[in-house]
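As the structure is a prediction and not an experimental result, all values here were calculated from the model.
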Amino acid sequence: MKLSPSISAEQRLEGQATTFWRHLILGFQHLLAMYSGDVLVPLSSGTTSLNAAR
């Protein structure tokens with residue numbers, strides 16, 4: 001008696017392709033979020049502090 005259903009090779013490959021694209025999209029989303037937090041915020045706050053010092 002099997003506890004888990006058997007998965008065909010085609011279903012396994014389809015699941016791996018879906019997982020790949022999901023990881024790719026989430027990785028790109030993470031890249032954009034980190035870019036906005038790590039680059040844009042210091043640029044904007046640095047620009048305002050330079051203007052205040054003048």
For Leu31, the side chain to side chain contact (heavy atoms under 4.5 Å, CB included) test, sequence neighbours excluded, returns Phe28
Solution key, residues 32-39 side-chain donor-acceptor pairs under 3.5 Å, sequence neighbours excluded:
unit_1	atom_1	unit_2	atom_2	d
Ser36	OG	Leu32	O	3.4
Ser36	OG	Ala33	O	2.8

Rounded to the nearest 0.5 angstrom, the CZ-CD1 distance for Phe20 and Ile25 is 10.0 Å
